[in-house]
Amino acid sequence: MAYTVPKLKDFSPEAVDKAAGELLSALGNESVSVKSEADKKTFRDRWLARKDGILTQINDLWLKAAPKEAKREVGQGVNKLKAEVESKVEAALAKSAAAENESSVDISLPGIRRPIGAEHPIIRTQNEIVGVFKNLGYSVAEGPVIETDYYNFEALNFPPNHPARDTQDSLFLANQESKPRREQLLLRTHTSPVQIRTMEKLTPPLRIVIPGKVHRNDPPDASHSPMFHQIEGLAVDTNITFGDLKGTLDHAMKALFGSNVKTSFRPSFFPFTEPSAEMFVSCFICGGSGKRGADPCRPCKQTGWIEILGCGMVDPNVFEFVKHNGYDPEKISGFAFGMGVDRIAMLKYGLDDLQLFFQGDVRFLQQFG
Ligand code: PHE
């Protein structure tokens with residue numbers, strides 16, 4: 001029921017006060033629903049209009065009707081109430097005007113721009129390398145960063161006392177002494193365990209690349225980090241030869257660093273490949289001369305060659321662990337390789353401090369936006 005100004009029978013200050021309280025609470029309730037321009041006009045007129053607005057009615061019904069002896073006090077009460085009603089009406093009108101401004105949208109204003117993040121230079125380099133192999137028909141496989149000794153070492157033909165199996169060089173999880181060695185957990189030291197994990201799941205032929213994070217117990221400096229990134233490759237089929245390995249990697253390096261680069265394979269050792277090699281690319285910074293103008297070329301240490309990855313033919317002992325899934329070393333062969341993504345990204349972007357990648361400094365990262 002809409003509020004109407006009552007006629008007063010009792011003109012005592014208490015009675016006037018009570019009536020004033022009821023009036024103000026009615027005003028409060030009505031002001032809430034004032035929204036449109038039309039509402040505003042109706043609201044203002046109802047309360048303030050000279051002719052028959054509520055304030056005028058108070059004058060007539062309360063002040064003029066008061067008996068002579070009460071007039072003085074009623075007059076004071078009514079004046080106070082009038083001032084209050086006026087200020088409350090104004091406030092309610094102003095508030096609804098503000099709300100209206102807020103909800104109206106000016107579609108000609110420029111939108112709110114949110115800065116879009118950029119691909120991290122390491123992820124970008126990783127995607128680029130993976131892309132080169134995808135074009136050759138390779139699929140992408142992934143595996144866990146927390147790995148068992150079995151996958152990280154045993155099934156990759158690491159001898160029981162290999163130094164990498166020591167906490168000096170690898171980051172083992174704590175309190176596992178009671179577990180059998182093969183079940184002990186560590187942060188994988190390379191992406192090679194995913195070779196075994198994938199061969200357990202998929203039968204040959206197989207062509208995969210495996211990007212991911214790896215960890216080693218190295219203190220951080222300009223060229224070391226306890227966490228870094230690798231991309232592993234594995235190709236298994238009948239008749240895969242070292243020639244296939246060389247041809248594939250030579251193609252990949254030309255795709256990554258430019259068609260002018262040369263590759264060089266030098267004998268090396270890994271427990272899980274035989275024969276094994278380290279592959280170098282001719283320095284794409286100095287063009288292989290070892291010099292930049294009169295200065296020595298730093299990235300290749302003046303040798304004209306940059307070491308990029310380790311590789312080799314999959315050792316038959318590794319296939320023995322997955323023989324049950326079609327990997328009979330008498331019938332199939334394969335090659336594998338593993339490269340450090342962070343180092344390649346440093347070379348590509350001409351950085352001399354590996355730590356820049358991991359410090360999260362926006363001024364550094366923005367340059368790759
Ligand atoms: N896993 C080796 C490393 O981290 C690299 C590698 C991968 C070597 C595959 C040969 C074959 O050093």
Side-chain angles (χ1 to χ4, degrees), residues 122 126 129-130 133 138 140-145 147-159 162-166 168-171 186-199 206-218 223-237 240-250 252-253 263-281 306-319 321-322 327 329 332-344 354:
I122 287 183
Q126 175 180 294
I129 300 169
V130 167
F133 287 95
Y138 282 63
V140 177
E142 283 182 307
V145 176
E147 192 49 282
T148 59
D149 182 280
Y150 175 78
Y151 286 109
N152 198 78
F153 296 127
E154 185 181 333
L156 289 167
N157 199 33
F158 277 77
H162 193 282
R165 288 181 125 159
D166 194 286
Q168 286 288 310
D169 295 300
S170 302
L171 295 162
L186 72 156
L187 299 181
R188 68 178 178 196
T189 58
H190 50 177
T191 41
S192 304
V194 190
Q195 289 189 28
I196 306 291
R197 286 185 173 275
T198 310
M199 288 192 283
L206 192 66
R207 281 167 182 74
I208 51 166
V209 278
I210 304 150
K213 280 185 174 28
V214 303
H215 294 77
R216 288 183 197 173
N217 195 2
D218 287 327
S223 54
H224 294 86
S225 163
M227 184 283 299
F228 55 103
H229 301 78
Q230 286 191 334
I231 293 181
E232 188 89 6
L234 174 68
V236 183
D237 207 334
I240 297 248
T241 68
F242 202 89
D244 296 317
L245 165 62
K246 288 180 78 174
T248 303
L249 290 178
D250 187 75
M253 295 305 120
T263 49
S264 163
F265 293 79
R266 307 182 189 175
S268 185
F269 176 80
F270 299 102
F272 40 95
T273 47
E274 182 62 31
S276 304
E278 262 150 20
M279 192 203 69
F280 292 69
V281 296
I306 295 177
E307 189 192 329
I308 293 285
L309 54 76
C311 59
M313 301 306 290
V314 178
D315 193 304
N317 289 343
V318 171
F319 284 138
F321 286 93
V322 284
Y327 294 87
I332 47 111
S333 56
F335 66 74
F337 57 87
M339 62 184 108
V341 180
D342 317 64
R343 222 172 86 77
I344 296 176
L354 174 62

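Whatever order the structure lists them in is the order used to number ligands and atoms, beginning at 1.
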Asker: Please work out whether the ring planes of F158 and F153 are parallel, tilted or perpendicular, with thresholds of 30° and 60°.
Answerer: perpendicular
Asker: Under 6.0 Å between ring centres, would you say that holds for F133 and F337?
Answerer: yes
Asker: Please state which protein non-hydrogen atom is closest to atom 2 (C) of ligand 1 and give its distance, to 0.1 Å?
Answerer: F272 CZ, 3.8 Å
Asker: Tell me which part of F337 gets within contact of ligand 1: side chain, backbone, both or neither, using heavy atoms under 4.0 Å.
Answerer: backbone
Asker: So is M339 touching ligand 1 or not, going by heavy atoms under 4.0 Å?
Answerer: no
Asker: What part of S276 sits under 4.0 Å from ligand 1 if we count only heavy atoms: the side chain, the backbone, both or neither?
Answerer: neither
Asker: Going by side-chain contact (heavy atoms from CB on, under 4.5 Å), I231 matches just one of T191, V209, I210, V140. Which one?
Answerer: V209
Asker: Please test R216 against D169 for salt bridge (Lys or Arg N to Asp or Glu O under 4.0 Å), starting from the C-alpha separation and ending with a verdict.
Answerer: CA-CA 6 Å; R216 288 183 197 173; D169 295 300; over 6 Å; no
Asker: Output the list of atoms in ligand 1 that are nearer than 4.0 Å to some heavy atom of Q230, sorted by atom number.
Answerer: 3 (C), 4 (O)
Asker: Could you establish whether R216 and ligand 1 come within less than 4.0 Å of each other, counting only heavy atoms on the residue side?
Answerer: yes
Asker: Looking at H190, which atoms of ligand 1 are within less than 4.0 Å of one of its heavy atoms?
Answerer: 1 (N), 4 (O)
Asker: Do any N or O atoms from the side chain of D218 and from the backbone of S225 form a donor-acceptor pair under 3.5 angstrom?
Answerer: no
Asker: Drop me the distance from N157's CG to F319's CZ, to the nearest 0.5 angstrom.
Answerer: 12.0 Å
Asker: State the atoms of ligand 1, each with its element, that fall below the 4.0 Å cut-off from a heavy-atom position in E232.
Answerer: 7 (C), 9 (C)
Asker: Starting from atom 7 (C) of ligand 1, find the nearest protein heavy-atom neighbour and note its residue, name and distance.
Answerer: G338 N, 3.3 Å
Asker: Are the charged groups of R197 and E142 less than 4.0 angstrom apart, N to O?
Answerer: no
Asker: So which heavy atom on N152 is nearest to which on H190, and how close?
Answerer: O-NE2, 3.0 Å
Asker: Which atoms of ligand 1 sit under 4.0 Å from any heavy atom of C311?
Answerer: 8 (C), 10 (C), 11 (C)
Asker: Hey, which atoms in ligand 1 end up nearer than 4.0 Å to a heavy atom of S192?
Answerer: 1 (N), 7 (C)
